[in-house]
Amino acid sequence: MFKPHHTALLKWYATSGRIDLPIRHLKGENAPYEVYVSEIMSQQTQIGVVLDKFYPPFLKAMPTLKDLAQAKLEQVLLLWQGLGYYARAKNLHKSAKICCELHGGELPNDYNALRALPGVGDYTANAILCFGYKQAVGVVDANVARVLLRLFGIDPKSPNLAKLLQVKALEFLNQENPFDHNQALIDLGALVCTPANPACLLCPLQQACKGKHNLTRFSVAKKPPSTPITKHYGVCVQEGFLYLTCAKKGLYAHLHQFPLLKEQEHINLPLLAQVRHSYTKYRLSAKIYQATLADLDPTNLVKIPLQDFKHTPKSSLSLKIMHTLPILNL
């Protein structure tokens, strides 16, 4: 039924897809782990950035799942520094420990066992199974979902949409070559069937596409714009020590951050810098001031030797602040 579409899709992939990405040529018993790391890293980060800056040094330091499990969380967070969304790194570390305890130091090759790992959702589990273990399963990320919605004319407001898309992905799957088929769908969504202004004339599936004449109806609605907020932070260095906050729980657990000022409205301190940062649904304008210890919010306050700051796990916002202040780039 879908044979002509499979053929057209793979032909397009061979000439126009990102077939040369190194993560598409992983082999051997370590492939599932390497796929796992790449998929977790690229959840909120462009794959080009991941492969250029973060993936190689991470694998060099943690070449196997067992190495990751045995590493200290601080080391994992330092390697993750700059990627943001640090819960991904913490879950990666937790999952490695669980795999060593329950699965002999290997990622399980079973969907339910993978889904039981912290931070592993439907897409990541199926990506590990297909790209790591070469199993014939459908893989649905945001790019594939967009292709399937339009190709089959699926209402994005359908109940149980994620389950429906997974069923369609399996129905459409090329059983003879599931690896390249899924990679091709990912690339098609990323390069051709884009959220805005898709290049329908270049699409190998255009003749079969039910949604090409009504893209708005068969596309997921845009996310609401981020909420702008402003916060004021203090940089306090006394007797060679830098004061930071480090929470033990929550979104920024085990990550060092510049402390907020006690006073967030009427501030009469020297302004050192201003940086912009986005997280969750917020668009933050962070203003950085030269402060004394008395100016700082004391919640979770710690002090570290100034020369250690560069090698201390820190949030992405703190990393941005560090790069704007020469005294902190030791």
Enquirer: Supply the atom-to-atom distance L83 CG to K53 NZ, rounded to the nearest 0.5 angstrom.
Expert: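 Output value for this atom pair is 10.0 Å.
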
Enquirer: We want to know whether T227 and R283 form a side-chain donor-acceptor pair, criterion being a heavy-atom distance below 3.5 angstrom.
Expert: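 There is no such pair between these side chains.
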
Enquirer: With distance as the sole criterion, is a donor-acceptor pair present between the side chains of Y36 and S95 under 3.5 Å?
Expert: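 S95 and Y36 do have a side-chain donor-acceptor pair below 3.5 Å.
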
Enquirer: Report yes or no: do R146 and N143 form a side-chain donor-acceptor pair below 3.5 Å?
Expert: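 The criterion, which ignores hydrogens and geometry beyond distance, is satisfied for N143 and R146.
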
Enquirer: Kindly state whether the ring of Y279 and the ring of Y282 have centres lying under 6.0 angstrom apart.
Expert: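 Yes, ring centres under 6.0 Å apart.
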
Enquirer: Decide yes or no for F131 and E34: does some side-chain heavy atom of the first lie under 4.5 Å from some side-chain heavy atom of the second?
Expert: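 Counting from C-beta outward, F131 and E34 never come under 4.5 Å.
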
Enquirer: Going by the side chain to side chain donor-acceptor pair (under 3.5 Å) test, name the single residue among H277, H232, Q274 that passes it with S285.
Expert: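 Between S285 and the candidates, side chain to side chain donor-acceptor pair (under 3.5 Å) is satisfied uniquely by Q274.
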
Enquirer: Is L188 linked to L10 within one hydrophobic cluster, defined over Ile, Leu, Val, Met, Phe, Trp and Tyr using a side-chain heavy-atom separation of less than 4.5 Å?
Expert: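 No, separate clusters.
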
Enquirer: Looking at every heavy atom in both K314 and M322, which two are closest together, and how far apart are they?
Expert: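 What the structure gives for the nearest pair is CE-SD, 4.1 Å.
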
Enquirer: For the residue pair K287 and Y233, would you count it as a cation-pi contact if the rule is NZ or CZ under 6.0 angstrom from the ring centre and within 45 degrees of the ring axis?
Expert: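 So K287 doesn't make the cation-pi contact.
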
Enquirer: Taking everything shown except E29 itself, do over 12 heavy atoms lie less than 6.0 Å from its CD?
Expert: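 No.
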
Enquirer: Within the supplied structure, the quantity of interest is the number of heavy atoms (other residues, nucleotides, ligands) at a distance under 6.0 Å from E171 CD; does it exceed 12?
Expert: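 More than 12 heavy atoms, drawn from other residues, nucleotides or ligands, come within 6.0 Å of this atom.
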
Enquirer: So which atom in Q264 and which in K231 form the shortest heavy-atom distance, rounded to 0.1 Å?
Expert: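 Shortest heavy-atom separation between Q264 and K231 comes out as OE1-CA, 3.6 Å.
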
Enquirer: Between T45 and S42, is there a donor-acceptor pair closer than 3.5 Å when you use the side chain of the first and the backbone of the second?
Expert: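 Side chain of T45 to backbone of S42, a donor-acceptor pair under 3.5 Å: no, none is there.
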
Enquirer: Is the closest side-chain donor-acceptor distance between D295 and Y289 under 3.5 Å?
Expert: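 There is no such pair between these side chains.
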
Enquirer: Are W12 and L202 close enough, and set up right, to give a side-chain contact (heavy atoms from CB on, under 4.5 Å), and what steps lead you there?
Expert: CA-CA 9 Å; W12 173 85; L202 301 179; 5.6 Å; no

Enquirer: Which atoms form the tightest heavy-atom contact between C236 and T292, and what is the distance?
Expert: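 Minimum heavy-atom contact is SG-C, 3.7 Å.
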
Enquirer: side-chain contact (heavy atoms from CB on, under 4.5 Å) for Q43 and T124? Distances and angles first, verdict last.
Expert: CA-CA 9 Å; Q43 281 178 359; T124 303; 3.3 Å; yes

Enquirer: Measuring from atom CG of L65 to atom NZ of K97, what distance do you get when rounded to the nearest 0.5 angstrom?
Expert: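 If I round to the nearest 0.5 Å, the distance is 11.0 Å.
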
Enquirer: If you apply the rule side-chain contact (heavy atoms from CB on, under 4.5 Å), what do you find for Y243 with V302, and how did you get there?
Expert: CA-CA 6 Å; Y243 285 84; V302 299; over 6 Å; no

Enquirer: If you draw a 6.0 Å radius around NZ in K94, do more than 12 non-hydrogen atoms from other residues or ligands fall strictly inside?
Expert: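 Check fails, neighbour count at 12 or below.
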
Enquirer: Apart from F241 itself, what residues make up its hydrophobic cluster, given side-chain heavy atom links below 4.5 Å?
Expert: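 Under the 4.5 Å side-chain rule, F241 groups with nothing.
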
Enquirer: Taking atom CG of L107 and atom CG of L117, what is their separation to the nearest 0.5 Å?
Expert: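 It is 7.0 Å, given to the nearest 0.5 Å.
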
Enquirer: By side-chain hydrogen bond (donor to acceptor under 3.5 Å, both in side chains), which residues pair with K168, not counting sequence neighbours?
Expert: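 Scan of K168 (side-chain hydrogen bond (donor to acceptor under 3.5 Å, both in side chains), adjacent residues dropped) gives none.
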
Enquirer: Report whether V220 and V140 are members of the same hydrophobic cluster (ILVMFWY, side-chain heavy atoms less than 4.5 Å apart, transitive linking).
Expert: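 Yes: a chain of side-chain contacts under 4.5 Å links V220 to V140.
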
Enquirer: Enter the distance from L148:CG to L165:CG here, rounded to the nearest 0.5 Å.
Expert: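 If we round to the nearest 0.5 Å, L148:CG and L165:CG are 6.0 Å apart.
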
Enquirer: Whether the side chain of N126 engages the backbone of D122 through a donor-acceptor N/O pair (distance < 3.5 Å, no angle test) should be reported.
Expert: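 Yes, the answer is positive, given that a donor and an acceptor are paired below the 3.5 Å cut-off.
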
Enquirer: Evaluate the side-chain proximity of P313 to E74: yes if any heavy-atom separation is below 4.5 Å, no if none is.
Expert: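 Yes; the side chains approach each other to less than 4.5 Å.
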
Enquirer: Hey, is NZ on K66 packed in by over 12 heavy atoms from elsewhere, all under 6.0 Å?
Expert: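 Count not over threshold, so no.
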
Enquirer: Checking N177 against N174: is there a side-chain donor and acceptor pair closer than 3.5 Å?
Expert: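 Note: N174 and N177 side chains miss the donor-acceptor criterion.
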
Enquirer: Check whether any side-chain heavy atom of P204 sits under 4.5 Å from a side-chain heavy atom of L9, and report yes or no.
Expert: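 In short, these two side chains touch, coming nearer than 4.5 Å.
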
Enquirer: Does a side-chain N-to-carboxylate-O contact under 4.0 Å join D297 and K262?
Expert: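 Salt bridge between D297 and K262, a charged N being under 4.0 Å from a carboxylate O: no.
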
Enquirer: Is there a side-chain contact between T245 and H256 in this structure, where contact means two heavy atoms from C-beta onward sitting under 4.5 Å apart?
Expert: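 When only atoms from C-beta onward are counted, H256 and T245 do not touch, as no gap falls below 4.5 Å.
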
Enquirer: Could you report the tightest heavy-atom contact between D110 and L129, atom names first, then the distance?
Expert: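 Heavy atoms only, the tightest pair is N-CD2, 4.0 Å.
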
Enquirer: Do I47 and V37 land in one hydrophobic cluster if side-chain heavy atoms of ILVMFWY residues count as linked below 4.5 Å?
Expert: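 Shared cluster, yes.
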
Enquirer: Is the H254 to Y86 ring centre distance short of 6.0 Å?
Expert: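 No, too far apart.
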
Enquirer: Would you check if L191 and R18 make a side-chain contact, meaning some heavy-atom pair closer than 4.5 Å?
Expert: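 Sidechains of R18 and L191: in contact.
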
Enquirer: Of Y13, F172, F2, which is the lone residue that meets ring pair (Phe, Tyr, Trp, His ring centres under 6.0 Å) with H181?
Expert: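 The passing option is F172.
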
Enquirer: Quick check on K163: does its NZ atom have over 12 non-hydrogen neighbours (other residues, nucleotides or ligands) under 6.0 Å away?
Expert: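 Atom NZ in K163 is not packed in, count stays at 12 or less.
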
Enquirer: Charged N to carboxylate O under 4.0 angstrom, D67 versus K60?
Expert: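 So D67 does not pair with K60 through a salt bridge.
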
Enquirer: Can you confirm whether more than 12 heavy atoms, excluding those of Q44, are under 6.0 Å from its CD atom?
Expert: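 Check passes, neighbour count above 12.
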
Enquirer: First locate atom CZ of R150, then atom CZ of F218, and finally report the distance between them rounded to the nearest 0.5 Å.
Expert: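 One gets 11.0 Å once the value is rounded to the nearest 0.5 Å.
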
Enquirer: Under a 4.5 Å cut-off applied to non-hydrogen side-chain atoms, are L269 and L261 in contact?
Expert: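 Counting from C-beta outward, L269 and L261 do come under 4.5 Å.
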
Enquirer: Step by step, work out the side-chain contact (heavy atoms from CB on, under 4.5 Å) result for Y55 and M41.
Expert: CA-CA 8 Å; Y55 185 68; M41 282 188 169; 4.2 Å; yes

Enquirer: Going by heavy atoms in the side chains, are L79 and F54 under 4.5 Å from each other?
Expert: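 Of all side-chain heavy-atom pairs linking F54 with L79, none is under 4.5 Å.
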
Enquirer: Do the side chain of N91 and the main chain of A87 share a donor and acceptor less than 3.5 angstrom apart?
Expert: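 Indeed, once roles are kept as given, a pair shorter than 3.5 Å links the two residues.
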
Enquirer: Among the clusters formed by ILVMFWY side chains lying less than 4.5 Å apart, do L78 and W80 turn up in the same one?
Expert: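 The answer is no; the residues belong to distinct hydrophobic clusters.
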
Enquirer: How close do V139 and N182 get, counting heavy atoms only, and between which atoms?
Expert: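 The answer is N-OD1, 3.5 Å.
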
Enquirer: Give me the atom names and distance for the closest heavy-atom approach of N30 to P63.
Expert: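 Closest approach of N30 to P63, heavy atoms only: ND2-O, 2.8 Å.
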
Enquirer: Could you tell me whether the side chain of R115 and the main chain of V120 form a donor-acceptor pair under 3.5 Å?
Expert: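 Confirmed, R115 side chain pairs with V120 backbone.
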
Enquirer: Examine V167 and L185 and state if one hydrophobic cluster contains both, with Ile, Leu, Val, Met, Phe, Trp and Tyr joined whenever side-chain heavy atoms are less than 4.5 Å apart.
Expert: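 Different clusters.
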
Enquirer: Decide, yes or no, whether a salt bridge links E176 with K3 under the criterion of side-chain N to carboxylate O below 4.0 Å.
Expert: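 Yes, this pair counts.
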
Enquirer: For atom NE2 of H25, decide whether the heavy atoms of other residues, nucleotides or ligands shown that lie under 6.0 angstrom number more than 12.
Expert: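 Counting neighbours around NE2 of H25, more than 12 heavy atoms of other residues, nucleotides or ligands fall under 6.0 Å, so yes.
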
Enquirer: Please step through salt bridge (Lys or Arg N to Asp or Glu O under 4.0 Å) for the pair D187 and R24, ending with a clear verdict.
Expert: CA-CA 12 Å; D187 283 2; R24 296 190 174 170; 2.6 Å; yes

Enquirer: Measuring from Q46:CD to L51:CG, what's the distance to the nearest 0.5 Å?
Expert: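 Reported value, rounded in 0.5 Å steps: 11.5 Å.
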
Enquirer: Might you work through the side chain to side chain donor-acceptor pair (under 3.5 Å) test for E106 and Y33, ending with a clear yes or no?
Expert: CA-CA 8 Å; E106 303 290 341; Y33 169 67; over 6 Å; no

Enquirer: Just by distance, do the side chain of Q135 and the backbone of N109 share a donor-acceptor pair under 3.5 Å?
Expert: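 Judged by distance alone, yes, a pair lies under 3.5 Å.
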
Enquirer: Do L284 and T230 have side chains that get closer than 4.5 Å, going by heavy atoms?
Expert: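 A side-chain contact is absent here, since even the closest heavy-atom pair is not under 4.5 Å.
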
Enquirer: Cut-off 3.5 Å, side chains only: do S315 and S318 have a donor facing an acceptor?
Expert: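 Result is yes, a qualifying pair exists.
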
